[in-house]
Amino acid sequence: MNIVATLEKDITPDGSEYETVRQVIELISADYRDQPSLEAIAAELSQSPTQLQKTFTRWAGLSPKGFLQAVTLDHAKRLLRQEAMPLLETSIEVGLSGPGRLHDLFVTHEAMSPGEWKARGQGLTIRYGFYPSPFGIALVMATERGLAGLAFADPGEEKACLDDMTCRWPNAAYVEDSAATADYAKRIFEPGQWSADRPLRVVLIGTDFQVRVWESLLKIPLGMAVTYSDIAHDIGQPTAMRAVGAAVGRNPISFVVPCHRALGKNGALTGYHWGLTRKRAMLGWESAQV
DNA sequence: GGAATCATGTGAT
DNA sequence: ATCACATGATTCC
């Protein structure tokens, strides 16, 4: 499949391509009403238009122009339009009968017991490592039970990013260990490694409410989106949409648990822990993967 | 239309 | 108790 080709080429040793992409996205989203031309954007970044076009297309599978259209309000509404609720409900059945096929990445999940959660990570050893990814530098965290955390950073922010994650489970022991995490990084960002017989194991560490929200997120297929209130309905608490927003924001395994597919009711990208630009990048990137 | 305002559940202090 | 929220609907100009 050409997704694989696209991604493999994208994973440059230093992951520098996202830096260019990030700047382009910031420019076009700053004033997308003006529909900035490719030439204007290239000039702003002091690159040649053809070079920029090539870089961007290789990353997104989509020209800057196409991407621009993909991140408008209109497009976001289109993602929501296809009846979100039935969508969530039908995928429940899938989830019950074995590993779910979740955004084309096969994931089995398990939640920590309430007792383990109260211990705030006590007795848990978490191994971590940094890796280049299509969305910037990725911090991968894992326990013996499976993938526990995935975060993103721009160059130079690695420390802040690590702090952000470690303070969620302050009593855990942290070990930098690329041997234990490299396989996860590879599996996540190389779709060729996604398969049903070797599902990605994921451990959800959070409160009962949070885990229910995250499980709901896992049911959203690639290329679609739901609103925060859709999720609230799905977990049986229709009035808790605001609480859902907070829980979505606390998702420790971004991208794998697709929190970027939660939008405001009007299609606006309301917020993202790792930066709205990255949320836009993920949605635009995914819109080309269908 | 857009700003101000309210109802609202969860989690941290 | 109280407060801050990645919400959403309503009510004012």
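Numbers restart at 1 for each chain; the letters A, B, ... are given by sequence-line order, proteins then strands.
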Task: Joint cluster assignment, A:F152 & A:F130, ILVMFWY side-chain distance < 4.5 Å - done: yes

Task: Rounded distance [0.5 Å steps], CG in A:L150 versus OH in A:Y131 - done: 11.5 Å

Open item on the list: Is it the case that the side chains of A:H273 and A:D164 hold a donor-acceptor pair, with the cut-off being a distance below 3.5 Å and no angle test?
Closed with: yes

Task: Heavy-atom protein contacts under 4.0 Å, nucleotides 8-13 of chain B, coded B base, S sugar-phosphate only, - none - done: SBSSS-

TODO: Take atom CZ of A:R250 as the centre, draw a 6.0 Å sphere, and report whether it contains more than 12 heavy atoms from other residues, nucleotides or ligands.
DONE: no

TODO: Treat a base pair as Watson-Crick or G-U wobble with both distances under 3.5 Å, then lay out DNA chain C in dot-bracket form, 5' to 3', with | for cross-strand pairs.
DONE: |||||.|||||||

Task: Test ring-ring contact (aromatic ring centres under 6.0 Å, His included) applied to A:W285 and A:F135, step by step - done: CA-CA 10 Å; A:W285 182 83; A:F135 307 106; 5.7 Å; yes

- [ ] Using heavy atoms and a sub-4.0 Å distance, could you list which residues of residues 264-276 of chain A are near DNA chain B? By number, please.
- [x] none

Task: Charged N-O contact under 4.0 Å between A:K219 and A:D234 - done: yes

Open item on the list: Using a strict threshold of under 4.0 Å (side-chain N to carboxylate O), is an ion pair present between A:E17 and A:R22?
Closed with: no

Task: Nearest-Å distance for atom pair CD1/P, residues A:I235 and C:dT7 - done: 15 Å

- [ ] Output the distance between atom CD1 (A:I231) and atom NE2 (A:H233), rounded to the nearest 0.5 Å.
- [x] 11.5 Å

Task: Passing candidate, side-chain hydrogen bond (donor to acceptor under 3.5 Å, both in side chains) with A:H260, options A:K279, A:R278, A:E286 - done: A:E286

Open item on the list: I'd like to know if A:R145 pairs up with A:E110 as an ion pair, taking the criterion as any Lys NZ or Arg NE/NH1/NH2 lying under 4.0 Å from an Asp or Glu carboxylate oxygen.
Closed with: yes

Task: Value in whole Å for how far the P atom of C:dT7 lies from CG of A:L80 - done: 15 Å

